[in-house]
Amino acid sequence: MTKHSHCADCAFFEDHVVEAKADDAGLCRFNPPVTQPSADQRGLWPVVTANDWCGHFASGIAAE
Ligand code: SF4
């Protein structure tokens with residue numbers, strides 16, 4: 001079985017639960033917020049859990 005680095009250790013994981021419902025959830029900041037069908041609604045950041053993972057995992061963000 002492949003070992004993955006999880007969202008909890010990713011530089012793009014924001015560990016707060018303002019928009020997230022589950023205790024171990026946070027926001028993924030890799031991509032911009034997802035747009036909503038109505039112009040008067042704000043976009044939503046993707047919600048992930050600490051044990052989720054994806055191919056964009058980063059242990060840090062390089063300074064420009
Ligand atoms: S979904 Fe991918 S980029 Fe986003 S926090 Fe998780 S590992 Fe990082």
Side-chain angles (χ1 to χ4, degrees):
M1 185 171 185
T2 305
K3 182 173 183 194
H4 302 286
S5 297
H6 294 101
C7 294
D9 298 321
C10 178
F12 298 107
F13 184 65
E14 185 165 346
D15 183 16
H16 71 70
V17 292
V18 172
E19 296 181 41
K21 303 289 186 215
D23 287 344
D24 65 343
L27 305 179
C28 175
R29 299 286 190 176
F30 182 82
N31 286 309
V34 178
T35 56
Q36 300 300 299
S38 171
D40 62 348
Q41 294 177 301
R42 66 185 179 91
L44 296 175
W45 295 94
V47 176
V48 294
T49 63
N51 287 324
D52 279 334
W53 62 276
C54 87
H56 297 297
F57 174 87
S59 57
I61 300 173
E64 292 184 15

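Start at 1 and go down the list; that is how both ligands and their atoms are numbered.
Looking at residues two or more places apart in sequence or on another chain, you find a side-chain contact (heavy atoms from CB on, under 4.5 Å) between S59 and F57. By the side chain to side chain donor-acceptor pair (under 3.5 Å) test, S5 pairs with no residue at all, sequence neighbours left out.
Protein contacts to atom 4 (Fe) of ligand 1 involving N, O or S atoms at a distance below 2.8 Å are C28 SG.
How far CG of D24 is from SG of C7: 10.0 Å, rounded to the nearest 0.5 Å.
With hydrogens and angles disregarded, no donor-acceptor distance shorter than 3.5 Å links the side chain of D9 to the backbone of H6.
Hydrophobic cluster of F12: the remaining members, joined at side-chain heavy-atom separations below 4.5 Å, are F30, I61, listed by chain and number.
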(request) Please test S38 against D40 for side-chain hydrogen bond (donor to acceptor under 3.5 Å, both in side chains), starting from the C-alpha separation and ending with a verdict. (result) CA-CA 6 Å; S38 171; D40 62 348; 2.3 Å; yes

